[in-house]
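Heavy atoms only: backbone and side chains are in, while hydrogens, waters and symmetry mates are out.
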Amino acid sequence: MPSVLITGATSGFGKAAAQRFAKAGWSLILTGRRVERLKALEEELSEQVPVLTLALDVRDSDAVTTAISGLPEEFLPLTCLINNAGLALAPQPAQKVALEDWHTMIDTNITGLVNVTHAALPLLLKTGKGASILNLGSVAGQWPYPGGHVYGASKAFVQQFSYNLRCDLLGTGVRVTDLAPGMAETEFTLVRTKGDQAASDALYRGTTPLQAEDIAEQLYYLATLPAHININRLEIMTVRQAWSAFAIDRDPA
Ligand SMILES: NC(=O)C1=CN([C@@H]2O[C@H](COP(=O)(O)OP(=O)(O)OC[C@H]3O[C@@H](n4cnc5c(N)ncnc54)[C@H](OP(=O)(O)O)[C@@H]3O)[C@@H](O)[C@H]2O)C=CC1
Ligand SMILES: O=CCS(=O)(=O)O
């Protein structure tokens, strides 16, 4: 039975991915900080497949290394790592943002992802052919927009780190993908606005955002491709989202 390690499984893409991989019979290693949610997910899915939950903050490199290096034999070999835990904060312009918010995004989206990858690499290399690292990037990593500042930059890191990993893992059979979604309705905007439910509802109202299940389906597709195929980057948007024109600063008329 293949096993998948999913960071940020307590909500959104991570939770939907746990449900999707469980449906296909994969063993699940699920992480996140919210213990109650992990417990609820374990209760829901352990009737279908073996589930191991690890209450982890991905920013804590010692905790990450200890947990992943000590995975029980029952959950090995590790076939897929989904580096999903992440967040955006402070949608205001850069000049109005608290430095702490920038640090939180860097510590989570960059350092956290690197911590988990470093700890899981020995296990994935042991699995070799057919193993995958699926990194949650974002359209924000490629396309700038107002208020994107450190969030977009952190996702650009995810893309380049994914590509560079590909170079080093050549010959090992381990695949790496930067999965880059556009607007998707999860708790993402609630977190970004520090709990402003009205702002979150307003963003998704009157359109058709991607749903967590859409991304989970892509993750499952990527993890189960024939072992000789590596999709380097997969950018995915709702058909109701596209780019916009350059902004121009003009003199008053
Ligand atoms: N929704 C969107 O529009 C898009 C989202 N993304 C990316 O997809 C990923 C998932 O986002 P999404 O599902 O939408 O958002 P959610 O807010 O719904 O889920 C985020 C998950 O990340 C976990 N997480 C956050 N910080 C930490 C931390 N320090 N340690 C461990 N886990 C953490 C949360 O768990 P807990 O709080 O329990 O720790 C939660 O399970 C993120 O990387 C995001 O940047 C990319 C493109 C589009
Ligand atoms: O990564 C999230 C999608 S967006 O808010 O940057 O469009």
My understanding is that only residues two or more places apart in sequence, or in another chain, count here; which of them pass salt bridge (charged side-chain N to carboxylate O under 4.0 Å, His left out) with R233? D178, E235

Checking salt bridge (Lys or Arg N to Asp or Glu O under 4.0 Å) between R37 and each of E43, E187, E42, which is the one that passes?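 Exactly one candidate clears the test, E187.
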
Sidechain-backbone polar pair: [X] side chain, [Y] backbone, donor-acceptor under 3.5 Å:
{"X": "T172", "Y": "G128", "answer": "no"}
{"X": "Q241", "Y": "M183", "answer": "yes"}
{"X": "T186", "Y": "A212", "answer": "no"}
{"X": "T127", "Y": "P77", "answer": "no"}
{"X": "T238", "Y": "T208", "answer": "yes"}
{"X": "R192", "Y": "A90", "answer": "no"}
{"X": "D168", "Y": "L165", "answer": "no"}
{"X": "H149", "Y": "Q92", "answer": "yes"}
{"X": "K96", "Y": "P91", "answer": "no"}

Do we see a donor-acceptor contact under 3.5 Å between the side chains of Q19 and E213?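 No donor-acceptor contact under 3.5 Å links the two side chains.
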
Mind checking the [atom1]-[atom2] spacing from [X] to [Y]? Nearest 0.5 Å is all I need.
{"X": "L87", "Y": "S11", "atom1": "CG", "atom2": "OG", "answer": "11.5 Å"}
{"X": "L222", "Y": "I82", "atom1": "CG", "atom2": "CD1", "answer": "9.0 Å"}
{"X": "K129", "Y": "H228", "atom1": "NZ", "atom2": "NE2", "answer": "9.5 Å"}
{"X": "T177", "Y": "L136", "atom1": "OG1", "atom2": "CG", "answer": "11.0 Å"}
{"X": "F161", "Y": "I110", "atom1": "CZ", "atom2": "CD1", "answer": "10.5 Å"}
{"X": "S132", "Y": "L124", "atom1": "OG", "atom2": "CG", "answer": "8.5 Å"}

Around [X], counting heavy atoms of other residues, nucleotides and ligands shown, do more than 12 lie under 6.0 Å from its [atom1]?
{"X": "E73", "atom1": "CD", "value": "no"}
{"X": "Y221", "atom1": "OH", "value": "no"}
{"X": "K15", "atom1": "NZ", "value": "no"}

So, do [X] and [Y] sit near enough that their side-chain heavy atoms are less than 4.5 Å apart?
{"X": "L5", "Y": "F75", "value": "no"}
{"X": "I133", "Y": "L121", "value": "yes"}
{"X": "L76", "Y": "K126", "value": "no"}
{"X": "V4", "Y": "L28", "value": "yes"}
{"X": "T10", "Y": "R33", "value": "no"}

Looking only at non-hydrogen atoms, find the nearest pair between [X] and [Y] and report the distance.
{"X": "E74", "Y": "P50", "value": "OE2-CB, 3.8 Å"}
{"X": "N84", "Y": "F13", "value": "OD1-CB, 3.5 Å"}
{"X": "S162", "Y": "V176", "value": "O-CG1, 3.6 Å"}
{"X": "T108", "Y": "R59", "value": "OG1-CD, 3.5 Å"}
{"X": "A9", "Y": "L41", "value": "O-CD2, 3.1 Å"}
{"X": "T53", "Y": "L38", "value": "CG2-O, 3.6 Å"}

Show the numbers, then the answer: is there a side chain to side chain contact (heavy atoms under 4.5 Å, CB included) between W26 and V49? CA-CA 7 Å; W26 286 53; V49 291; 5.9 Å; no

Same cluster (ILVMFWY, side-chain, under 4.5 Å), [X] and [Y]:
{"X": "Y145", "Y": "I236", "result": "no"}
{"X": "L81", "Y": "L234", "result": "no"}
{"X": "I215", "Y": "L190", "result": "no"}
{"X": "L225", "Y": "L219", "result": "yes"}
{"X": "L169", "Y": "I231", "result": "no"}

Could you walk me through whether V116 and V58 pass side chain to side chain contact (heavy atoms under 4.5 Å, CB included), step by step? CA-CA 7 Å; V116 176; V58 293; 3.8 Å; yes

Verdict with reasoning, L113 to T7, per side chain to side chain contact (heavy atoms under 4.5 Å, CB included): CA-CA 9 Å; L113 182 139; T7 67; over 6 Å; no

Candidate pair V139 and M237, rule side chain to side chain contact (heavy atoms under 4.5 Å, CB included), full reasoning: CA-CA 8 Å; V139 293; M237 278 185 182; 3.9 Å; yes

Residue of the set L71, L123, L78 for which side chain to side chain contact (heavy atoms under 4.5 Å, CB included) holds with S3: L78

Would you call the rings of Y220 and F21 parallel, tilted or perpendicular if under 30° counts as parallel and over 60° as perpendicular?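 Answer is perpendicular, since the angle exceeds 60°.
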
Is there any ring-ring contact (aromatic ring centres under 6.0 Å, His included) pair reaching into residues 183-216, and which pairs are they, with sequence neighbours excluded? Y151-F188

In a check of side-chain hydrogen bond (donor to acceptor under 3.5 Å, both in side chains) between N83 and each of N115, N135, N109, which one passes?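 For N83, the side-chain hydrogen bond (donor to acceptor under 3.5 Å, both in side chains) check succeeds only for N135.
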
